[in-house]
Each structure stands twice: as C-alpha cells, then as structure tokens.
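Single-structure report; data block below.
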Amino acid sequence: MRPARPAAGVLHDLVLPWYAAHQRDLPWRRPDRSPWGVLVSEVMLQQTPVSRVLPVWQRWMSLWPTPSALADAAAGEAVREWGRLGYPRRALRLHAAAVAVRDDHGGVVPAEEAVLRTLPGVGDYTAAAVAAFAFGRRATVVDTNVRRVHARAVTGTALPAPSLSRAEVELATALLPEDDARAAVWNVAVMELGALVCTARAPRCGDCPLATVCAWRLAGSPAHDGPPRRGQAWQGTDRQCRGRMVQLLRDSTEPVPGDALRAVWPEEAQRDRCLDALVAEGLVEPLDGGLFRLPGLAS
DNA sequence: GATACGTGGGC
DNA sequence: TGCCCAAGTAT
C-alpha cells in the first residue's frame with residue numbers, strides 16, 4: 001500500500017530546523033542586502049548555478065547599488081558586465097526593469113507580487129521570490145528545487161513533470177505556513193534542501209531531514225518513469241552562433257566591423273539570420289559604416 | 001503548450 | 001567522454 005503523504009506541519013518541523021543549521025551564507029540573504037539586490041540575484045540565478053552568479057552579483061552591486069544607478073547606465077554596460085553567465089537577454093531585461101522601477105515606481109522595487117510581475121524578465125517565480133525574500137511576504141515560490149522536493153517527499157515520484165502543473169502550485173500553496181515570516185523562510189528552506197540535498201542526479205538521502213517521511217523513499221525510491229528529458233542541442237545551433245557574436249562584442253572596447261562579427265561563423269545564412277535577430281532583440285546595435293557594438297555604449 | 005534562449009561544471 | 005543539469009521567461 002502507498003505510504004501516506006506527510007502532513008504539512010511534520011514537514012515544517014523537519015525542514016525549518018535543518019535550514020537553520022545548514023543554510024549557505026549567500027550575500028543576497030544577508031540582513032544588509034536590498035530588495036534590488038534580491039531582484040538582481042533572482043534574475044541571475046535563473047538557470048544558472050550559485051557559484052557562477054556570486055562574483056557577477058558582487059560586481060553589479062558595486063557598480064549599480066540601486067535600480068536608478070543601473071537605469072542611468074547604458075544597456076550595453078549591463079550586457080558587458082553580465083560576462084559569461086549565459087542568456088544575456090536577461091541583462092537587457094534587468095536593465096529595462098531598472099528603467100521601469102526608476103520611471104514608474106519612484107526608484108523603489110515594488111513589494112507586490114502583481115506589480116513585480118509587470119517588470120521585464122520577471123515571471124511568476126521571480127515575482128514570488130522577490131516578494132517573499134526581499135519583503136517577507138507570504139508568496140507561493142515554486143522553482144525547480146521546490147518541485148523536485150515536493151515530487152519526492154510528498155508525491156512519491158523521482159522527478160517532477162517537464163512543465164509546472166496547476167496541482168503543483170496548489171500543493172505548494174497548501175504546504176505554506178500561515179505566518180508570513182515563517183512562510184518566507186519555508187520557501188527558501190525548501191529551495192535550499194533541493195539545492196544541497198534533494199538534488200536531481202544523486203540525492204543525498206542520508207543527510208535529508210525528510211528521509212523518514214519521504215514518500216519516494218518509503219516507496220523504495222522508484223526510478224523516473226516519465227519520458228526521458230530532452231537535452232539541448234548545441235553544436236551548430238543558433239545559440240552557439242549568437243553566443244560567439246555577443247562574446248566578441250562583450251570583449252571589445254571599440255565597435256566591431258561586421259566582417260569581424262561574421263567571421264565567427266562559417267555558414268552565411270545562419271550567421272546573417274542570427275545577427276539580424278540579435279539586432280532586432282536589442283542585444284546588438286548597428287552603427288554607420290558597417291560597425292556593431294553592444295547597445296547604447298558611448299563611442 | 002512546445003520551443004528558443006548560453007554557459008560551464010560534475011559525474 | 002559526453003550527457004545532464006543549474007533559483008525561468010517570453011513567445
């Protein structure tokens with residue numbers, strides 16, 4: 001027979017003390033961090049490991065300690081300082097979000113989830129995370145870590161489905177402590193558990209505070225049965241081509257001739273299509289004389 | 001809802 | 001050695 005799902009209170013009493021003892025000391029969690037710092041961290045952490053975010057976040061905070069400071073800089077500076085974090089459009093959107101905060105919200109990062117959600121690059125997850133972590137609000141934060149912990153501990157499956165379901169959001173909401181401050185800690189605690197212990201590849205169940213109540217463990221840790229997860233192709237893709245072009249511009253102080261930009265990719269049609277797309281998206285700015293640069297930089 | 005979107009490290 | 005994965009968003 002199937003093991004009973006652990007009650008919310010039981011999960012709270014196991015996970016919250018674990019988090020108090022094992023949480024990482026991350027700069028965007030310190031008492032002196034600002035809501036802006038939290039927002040920047042959340043966008044940087046989208047699909048990106050903590051270890052790679054740390055130095056870039058520190059640099060951004062020193063350059064642009066407030067939304068207005070970033071808004072007053074060129075978008076291309078944001079892309080340049082993004083470095084090799086990946087998905088550089090996030091830098092562009094963070095810059096656009098800073099402009100929106102400066103122009104529409106008095107330079108103050110909004111605390112309401114619904115308002116945060118209107119900022120460029122801020123989706124359901126990031127809006128909830130900023131409301132919870134920067135402002136202590138009782139928000140339902142569902143990221144890939146939370147989904148995996150819930151899938152195992154509560155639902156009893158090895159991995160969550162490819163896409164977020166309504167049932168998962170309802171489960172996460174049902175598990176949220178009533179108290180605002182406690183709810184905010186619960187959110188980050190479950191994420192931390194997923195990041196450090198209940199990992200995707202090789203979960204460290206021996207160190208898990210939920211091992212005795214985990215539905216997946218109690219069912220014998222059955223293997224993932226759903227469709228195999230599709231890896232992302234890389235060699236020869238537009239993404240690889242775009243990555244090379246943006247990297248060249250990022251590493252160049254001066255505007256780059258179109259010939260030099262096109263030289264990073266052998267196939268004409270694909271290369272031209274990628275460059276056009278980068279320009280259309282605002283990641284690359286065309287200048288007179290067949291030159292290109294990151295957007296908005298003085299030259 | 002499926003797909004595009006970067007990058008590098010770990011197993 | 002590759003394959004898988006990392007605090008998602010926008011279209």
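A, B, ... follow the sequence lines: proteins, then strands. Residue 1 opens every chain.
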Would you say [N] has OP1 or OP2 under 4.0 Å from some side-chain N or O of [X]?
X: A:R89; N: B:dT7; value: no
X: A:R242; N: B:dG6; value: yes
X: A:R201; N: B:dG9; value: no

Distance, rounded to the nearest Å, where [X] contributes [atom1] and [N] contributes [atom2]:
X: A:Y87; N: C:dC5; atom1: OH; atom2: C1'; answer: 11 Å
X: A:Q47; N: B:dT3; atom1: CD; atom2: P; answer: 16 Å
X: A:M245; N: B:dT7; atom1: CE; atom2: P; answer: 13 Å
X: A:L45; N: C:dT9; atom1: CG; atom2: P; answer: 12 Å
X: A:L283; N: B:dC5; atom1: CG; atom2: P; answer: 12 Å
X: A:L159; N: C:dC5; atom1: CG; atom2: P; answer: 7 Å
X: A:R204; N: B:dC11; atom1: CZ; atom2: P; answer: 11 Å
X: A:L116; N: C:dG8; atom1: CG; atom2: P; answer: 17 Å

What does [X] touch in the nucleic acid at a heavy-atom separation under 4.0 angstrom: a base, only the sugar-phosphate, or nothing?
X: A:P162; result: nothing
X: A:L26; result: base
X: A:R93; result: sugar-phosphate
X: A:G123; result: sugar-phosphate
X: A:R24; result: base
X: A:R29; result: base
X: A:V122; result: sugar-phosphate
X: A:S41; result: nothing
X: A:W28; result: base
X: A:Q232; result: base
X: A:A200; result: sugar-phosphate
X: A:T126; result: sugar-phosphate

message: Closer than 3.5 angstrom, by distance alone: can the side chain of A:W60 be matched with the main-chain N or O of A:P55 as a donor-acceptor pair?
response: no
Under 3.5 Å donor-acceptor, A:Q270 side chain and A:G236 backbone: yes
- prompt: Considering only the P atoms, how many Å lie between B:dT3 and C:dA7, rounded to the nearest integer?
  reply: 23 Å
task: Could you work out the separation of B:dG8 and C:dA10 based on their C1' atoms and round it to a whole Å?
output: 24 Å
query: Just checking, any donor-acceptor pair under 3.5 angstrom between side chains of A:R93 and A:Y87?
result: no
message: Please tell me whether A:R90 and A:Q47 have a donor and an acceptor in their side chains that are separated by less than 3.5 angstrom.
response: no
- line: DNA chain C nearest-nucleotide lookup for A:E42 and A:R117: closer to the 5′ end is A:E42
field: Heavy-atom neighbours of A:D32 CG exceed 12 at 6.0 Å
entry: yes
statement: Comparing A:A202 with A:L85, nearest DNA chain B nucleotide closer to 5' gives the residue A:L85
- request: Flag yes if A:V149 and A:L16 sit in one hydrophobic cluster, no otherwise; membership is Ile, Leu, Val, Met, Phe, Trp, Tyr, and two members link when side-chain heavy atoms are under 4.5 Å apart.
  value: yes
query: Do A:T48 and B:dG6 share a donor-acceptor pair, side chain to base, under 3.5 Å?
result: yes
- prompt: Is A:R239 side chain donor-acceptor paired with the B:dT7 base, going by distance under 3.5 Å alone?
  reply: no
task: To the nearest 0.5 Å, tell me how far A:W18 CH2 sits from A:E192 CD.
output: 5.5 Å
Which nucleotide in B:dT7, C:dT9, C:dC5 has an atom nearest any side-chain atom of A:Q46: C:dT9
